[in-house]
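Worksheet: the structure to be examined is printed underneath.
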Amino acid sequence: MPDDHTVVGRAVAIIEAVADSHDPVGLAALTRRTGIPKPTVRRIANDLARRGVLELTPEGYRAGTLLIYHGLRAAQQHGFVVTAQPYIQDLYLRTRGEIVWCATVYGGELTLNGSAFGRNYATVMKRQSWPSLASFGPSMVLTAAGRLQIAAHEEQAEQILAIGWAPLTQYSVTDPRKLRALLDEARDTGFAHEREQTAVGWSCVASAVRDASGAFIGAIGVTGRSAALEQRSLHTGLVRAVESLQRELHADRSAGLSLGKPAKSFGDIFSQYPRWTPNLAPLLDVASDSAP
């Protein structure tokens with residue numbers, strides 16, 4: 001985001017840069033990501049920390065309690081999270097303990113805002129960071145959620161197909177023609193299924209949530225052990241759950257989210273995040289210990 005040289009604009013840019021990171025952000029990194037002079041970043045960030053919007057830790061700045069509080073209140077007031085929660089819980093029971101999640105679109109990007117998971121994943125979910133999909137770089141297209149997100153933006157799909165993407169496992173798609181077919185399928189059906197393309201032993205299925213106009217506003221998905229996610233009944237249950245959720249959202253205008261154009265260019269989305277390589281080995285260890 002370019003520096004607009006206004007106090008409000010700079011404060012928002014700093015808050016977004018901190019909120020977008022799964023780790024505390026140091027002053028140097030915050031200066032680099034916002035493009036704002038370091039003395040100004042220090043002054044505004046420290047003021048935000050004094051007000052509880054940010055928190056200053058030895059490692060850097062992170063979201064403060066006031067920001068989290070208002071974020072949670074806004075999510076509840078919006079309606080999408082509350083409306084989706086029963087469907088998340090129902091799918092969790094159907095999977096017998098895998099991870100079910102819900103995400104909504106903001107500025108063209110999917111943002112996780114709800115989840116349900118079994119006790120066997122509790123320790124892992126506390127330990128494992130779940131950053132923005134953009135931290136995968138172009139390889140985000142290998143994830144089920146990323147495929148739905150990219151399929152909704154034809155320009156972004158063409159950019160990834162042009163610049164290429166790094167495989168994350170030996171099962172990752174590497175053929176541009178096959179990836180194009182998967183993106184077309186995700187766009188046409190609103191459904192994506194990735195099998196061990198981001199982590200061996202793990203898979204994910206996701207279904208797009210659309211508003212009354214057909215615009216992509218979010219997704220519900222299930223992430224877990226590959227064997228558990230291969231059941232066709234689960235795929236059918238997910239699609240039916242999303243269809244029911246959509247009918248509720250269409251009846252309640254306050255619960256829908258507009259798609260909106262991405263707030264950042266495709267290149268900026270990737271460049272502002274530190275590159276992250278998923279390490280799901282701890283999850284596999286915990287899952288195998290508690291698997292029936």
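Values in this document were obtained by computation on a predicted structure and should not be read as measured data.
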Criterion side-chain contact (heavy atoms from CB on, under 4.5 Å) on Leu110 and Phe216, from CA distance to verdict: CA-CA 10 Å; Leu110 279 172; Phe216 176 52; 3.8 Å; yes
Pair Phe191 and His235, ring centroids less than 6.0 Å apart: yes
Expected output: side-chain Arg195 to main-chain Ser203 donor-acceptor under 3.5 Å: no
Shortest non-hydrogen separation from Leu30 to Ala17 and the atoms involved: CD1-CB, 3.6 Å
Value rounded to 0.5 Å, distance of OH in Tyr87 from CD in Gln89: 13.5 Å
Atom pair CG/SG of Asn113 and Cys102 - distance to nearest 0.5 Å: 4.5 Å
Pairwise side-chain contact, Ile36 with Ile14, heavy-atom cut-off 4.5 Å (strictly under): yes
From Thr95 atom OG1 to Asp90 atom CG, the distance as rounded to the nearest 0.5 Å: 11.0 Å
Worked verdict on Val25 versus Arg33 for side-chain contact (heavy atoms from CB on, under 4.5 Å): CA-CA 10 Å; Val25 184; Arg33 296 182 192 182; 3.8 Å; yes
Side chain proximity check, Phe136 to Val141, heavy atoms < 4.5 angstrom: no
Shortest non-hydrogen contact between Ala219 and Trp101, atoms and distance: O-CZ3, 3.8 Å
Within-4.5 Å side-chain heavy-atom neighbours: Glu196 and Gln170: no
Gln197 side chain to Leu168 backbone, donor-acceptor under 3.5 Å: no
Check against side-chain contact (heavy atoms from CB on, under 4.5 Å), Leu249 and Thr83: CA-CA 8 Å; Leu249 294 176; Thr83 307; 4.0 Å; yes
Flag side-chain contact, heavy atom, 4.5 Å: Glu55 against Thr65: no
In one Ile/Leu/Val/Met/Phe/Trp/Tyr side-chain cluster, 4.5 Å: Ile220, Leu93: yes
Inter-residue atom distance Leu148.CG - Thr143.OG1, 0.5 Å rounding: 8.5 Å
Exam field: side chain His250 to backbone Arg210, donor-acceptor pair closer than 3.5 Å: yes
Glu230 atom CD, over 12 foreign heavy atoms within 6.0 Å: yes
4.5 Å side-chain heavy-atom contact, Arg10 and Thr40: yes
Shared hydrophobic cluster, Ile150 / Leu161 (ILVMFWY, side-chain heavy atoms < 4.5 Å): yes
Any side-chain donor near an acceptor of the partner, Ser213 and Asp211, under 3.5 Å: yes
Salt bridge (charged side-chain N to carboxylate O under 4.0 Å, His left out) between Asp47 and Arg51, intermediate numbers included: CA-CA 6 Å; Asp47 192 15; Arg51 298 170 188 270; 3.1 Å; yes
Contact summary for Leu142 and Ala166, nearest pair of heavy atoms: CD1-O, 3.7 Å
Spacing of Leu182 atom CG and His193 atom NE2 [to the nearest 0.5 Å]: 11.0 Å
side-chain contact (heavy atoms from CB on, under 4.5 Å) assessment of Leu179 paired with Asp175: CA-CA 6 Å; Leu179 180 60; Asp175 184 349; over 6 Å; no
Side-chain touch Thr104/Ile217, heavy atoms, less than 4.5 angstrom: no
Passing candidate, side-chain hydrogen bond (donor to acceptor under 3.5 Å, both in side chains) with Ser244, options Arg240, Gln246, Arg247: Arg247
Considering all heavy atoms, the nearest Ala145-Ala206 contact: N-CB, 4.4 Å
From Arg147 atom CZ to Ile160 atom CD1, the distance as rounded to the nearest 0.5 Å: 11.0 Å
Student check: side-chain heavy atoms of Arg180 and Asp184 closer than 4.5 Å: yes
same_hphob_cluster(Leu66, Leu56) at 4.5 Å side-chain heavy-atom cutoff: yes
Val239 with Leu234, same ILVMFWY side-chain cluster at under 4.5 Å: yes
Val222 side chain reached by Ile99 side chain, heavy atoms, under 4.5 Å: no
Residue pair Ser226 / Trp202, side-chain donor-acceptor N/O under 3.5 Å: no
Which atom of Leu183 lies closest to which atom of Ala151, heavy atoms considered: O-CB, 3.6 Å
Closest non-hydrogen atom pair between Ser115 and Phe117, with its separation: OG-CE2, 3.9 Å
